[in-house]
Structures are given as structure tokens and as C-alpha cells.
Amino acid sequence: MKLQLYVPDGRYDPWIEGFAEALPEAECQTWEDSRGKPADYAVVWRPPVEMLRGRTDLKAVFNLGAGVDGILRLRDEAPDALPAGVPIVRLDDAGMAAQMAEYVTHAVLRYFRKLDAYEAQERAGHWKFLKPHRRADFTIGVMGVGTLGTHIARTLAGFGFPVRGWSRTARAIEGVSGFYGDAGQAPFLNGLRVLVNVLPLTPQTENILNAGLFARLAQGAYVINVARGQHLVEEDLVAAVQSGQLAGATLDVFRTEPLPEDHPFWQEPRITVTPHISALTLREDSIAQIAGKIRALRAGQPIAGVVDLQRGY
Ligand code: OXD
């Protein structure tokens, strides 16, 4: 059995060593070294269009992340960019859900407990009580309640916040009010104090975080984006923060990464920027998950995380 690997940073050794240990029956090669040769499985993160285009040898393509937009976008470059009939498989949690819940919870609590304001007071040497937010009024909405979003929503509900979830189709999550589809979007957004975006990036969700959506949230709401930069209309966010419609935002993902040095987000203190670290791909967990799925496929068993190419996630 042959595995072909592509990672954009070219740091292959730990992946090859990891697969050698987890799947000793496999021969694992980099795409650069095995280009043009057949393989059974491809394991990739943001591959170039030439890697998968028109291939008939592969049995599955494993994505080294939860979001598969880096693979599906190849269809814009060439209609035959993806091997026909071959399942594309995303990582399912693999240690990401806990990390994302930590990141989002930290951002929510910082805003809820006014810690930015207290830090500013501390720097100015002020001892002053600030009127707290009321938990019961502090409704948080999670857009996209797949594996990661569900974990985030449950974690926030565990703090006693009223939590809403929005998804394409109906989904029941204990302790979370469910909204779905186009009809459910306005009631989901109305009056939210915090909006968390965990949606997959598809043509339907691109630019979804825009001025019209911000206007539905409570005055002075807070936005957290841990999905993709292309979900957000960046100028609309800056304008909404400057007008006071939004109190601020915590952003982990951007249209251009790394965020350009002269980007206005760097200059706006109410916007917190982190370098796409909310949920890192954990190598050991990812390798163990992919190795398990390859074994299941070889045994003719179903696996989780197969992407619906029409739906786009
Ligand atoms: C992912 C990511 O999609 O890291 O997993 O962005």
C-alpha cells in the first residue's frame, strides 16, 4: 500500500516517521519524490492542482484539517482537478474541538468579564468597579454546529450562557437553542451579544459576516471568527467596530495569511488578531485517525468525515 503526502511547508520527516509507526504496512512518500507514480491514498494540506488532477489510482484523499476548502477550491482552477469518484475525507475533531472551545471560551469570557477594560485601568493605575454584563442577557450564537461548533456551543452552555446554534439543516444539541436554514437565520442572529463563526467555507457562506448581519446583532456585540477569512467582509467589520455597532472582534483567520503588515486590523485595538492558531492540527492524533480510517476502508467498513462534494463540506 502506498501513501503520497503533500504539506505546503515541506516539513515531511515527522509525518513520514509518524505514518511509518502507525501504518507499518504502508510505503509513505512525498508528492515531490513520487510525482507521476501511482499511490493508494493521498494525505494532503492545500495541495497544488497538479497533484490530484485526473488521477485514477487513488482510493481516498485525506485532508490534514477540518476545512476542505483548500482542496475543493481546486475545481475553480480545473474542472477535473479532483479524482472522479474518490472520497475526500476531512479530519474529524482529532484534538481540534477542545482547542477551539478553549480559544472561543477565552475570547467570550474576556469580553463578558470586561477584562480588556480592567487591563486598561490597571495600566492607568485605576481601581474602579465596572457594571458587569448579565449572564441571562448574554446570548451567544454559534454559526455552524458540526463537530467543532457543537463542542464550542456545549462548552459555552456549560457556563450558563444562553446559547443558540445555526446550521444548514436541523440539529438538536442539548442545552442549545437550534435554528436552521435561511428562514432560521434572522431569528438566530437577532439580539446576539456574541457571534462565533465556525461555518465551512462554501460559495453560500463566503462574505456571510457583513454589515447586514452585524446590524441584526445587539448594539455593541462581539464577533469571533475561527473559520475562514473569506467569511468576513473586512471593511464592514472595521466600519461596524468604529461606529460602535460592534464592541470588537477576535479573529484567527484572514483573507490573506499572514495578515499583511499594513492591514487596518493591526491598528484597531478592539480587534484581536491571532495567527490561525485556534485549533492546530495535532500530528499524532491526525496520523492515528487517518491510519484508522485507511484500515477501515481496506476492511470495507464505512468511515466518518467523507465530504459531500455538492454541499462543499
Ligand atoms: C482546519 C484549519 O481547517 O486548520 O483544520 O484551518
Side-chain angles (χ1 to χ4, degrees), residues 5-11 14-15 18 42-48 51-52 60-76 82 87-104 106-107 142-153 155 167-168 196-206 208-209 223-232 234 249-259 265 272-293 303-309 311-313:
L5 207 62
Y6 179 82
V7 287
D9 64 7
R11 292 169 59 193
W15 291 102
V43 179
V44 301
W45 181 242
R46 299 192 176 282
M51 181 174 178
L52 302 175
V61 176
F62 290 93
N63 182 50
L64 284 172
V68 288
D69 47 295
I71 296 183
L72 301 192
R73 74 175 165 84
L74 299 176
R75 296 181 294 190
D76 300 338
L82 303 185
I88 311 284
V89 188
R90 63 169 169 269
L91 282 182
D92 244 350
D93 188 347
M96 282 186 275
Q99 295 178 70
M100 250 194 196
E102 281 163 9
Y103 180 99
V104 170
H106 176 268
V142 179
M143 283 186 109
V145 278
T147 307
L148 304 180
T150 298
H151 192 68
I152 292 169
T155 305
S167 48
R168 200 179 60 93
V196 182
N197 177 42
V198 207
L199 286 168
L201 180 65
T202 67
Q204 290 72 39
T205 65
E206 187 166 0
I208 195 167
L209 302 177
V223 169
I224 300 171
N225 188 17
V226 285
R228 286 291 182 260
Q230 289 83 348
H231 286 126
L232 175 67
E234 296 183 337
T250 290
L251 308 175
D252 187 46
V253 286
F254 304 90
R255 286 183 181 265
T256 307
E257 295 181 5
L259 189 64
F265 288 167
T272 297
V273 166
T274 55
H276 203 143
I277 47 74
S278 61
L280 302 173
T281 299
L282 302 179
R283 194 179 301 117
E284 270 179 39
D285 299 49
S286 308
I287 290 174
Q289 185 174 111
I290 293 169
K293 288 184 180 180
I303 56 168
V306 176
V307 173
D308 177 332
L309 296 181
R311 216 175 51 173
Y313 57 95

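Note that this is a predicted model, so its numbers are computed, not measured. Just follow the structure's listing: the first ligand is 1, and inside any ligand the first atom is 1.
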Enquirer: Any atoms of ligand 1 less than 4.0 Å from a non-hydrogen atom of His276? List them with their elements.
Expert: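 Atoms satisfying the 4.0 Å criterion: 2 (C), 4 (O), 6 (O).
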Enquirer: With heavy-atom distances below 4.0 Å as the criterion, list the atoms of ligand 1 near Met96.
Expert: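 Those atoms are 5 (O).
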Enquirer: Nearest to atom 1 (C) of ligand 1, what protein heavy atom do you find, and at what distance?
Expert: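 Nearest protein contact, heavy atoms only, for atom 1 (C) of ligand 1 is Ala66 N, 3.4 Å.
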Enquirer: Determine the sole option in Ile152, Asn225, Ile224, Thr147 for which the side-chain contact (heavy atoms from CB on, under 4.5 Å) test with Val198 is passed.
Expert: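 The residue from Ile152, Asn225, Ile224, Thr147 that satisfies side-chain contact (heavy atoms from CB on, under 4.5 Å) with Val198 turns out to be Ile152.
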Enquirer: Nearest to atom 3 (O) of ligand 1 by heavy atom, Ala227, Ala279, Gly67: which?
Expert: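 When every heavy atom of Ala227, Ala279, Gly67 is considered, Gly67 comes closest to atom 3 (O) of ligand 1.
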Enquirer: Looking at Gly65 and Met96, what are the two nearest heavy atoms and their distance?
Expert: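 Looks like C-CE, 4.3 Å.
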Enquirer: Which residues pass the side-chain contact (heavy atoms from CB on, under 4.5 Å) test with Gln204, not counting sequence neighbours?
Expert: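 Testing Gln204 for side-chain contact (heavy atoms from CB on, under 4.5 Å), a comparison that skips the adjacent residues, returns Thr202.
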Enquirer: I need the atoms of ligand 1 closer than 4.0 Å to a non-hydrogen atom of Trp45, numbered in the order shown.
Expert: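 What qualifies from ligand 1 is 1 (C), 2 (C), 3 (O).
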Enquirer: Of all residues at least two apart in sequence or in a different chain, which pass the side-chain contact (heavy atoms from CB on, under 4.5 Å) check with Ala94?
Expert: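 Leu91, Asp285, Ser286, Gln289.
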Enquirer: Under 3.5 Å between any N/O of Thr281 and any N/O of ligand 1: does that happen in this structure?
Expert: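 No, no N or O pair falls under 3.5 Å.
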Enquirer: Taking the side chain as every heavy atom from C-beta outward, state whether Thr250 and His106 have any pair of such atoms under 4.5 Å apart.
Expert: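 Counting from C-beta outward, Thr250 and His106 never come under 4.5 Å.
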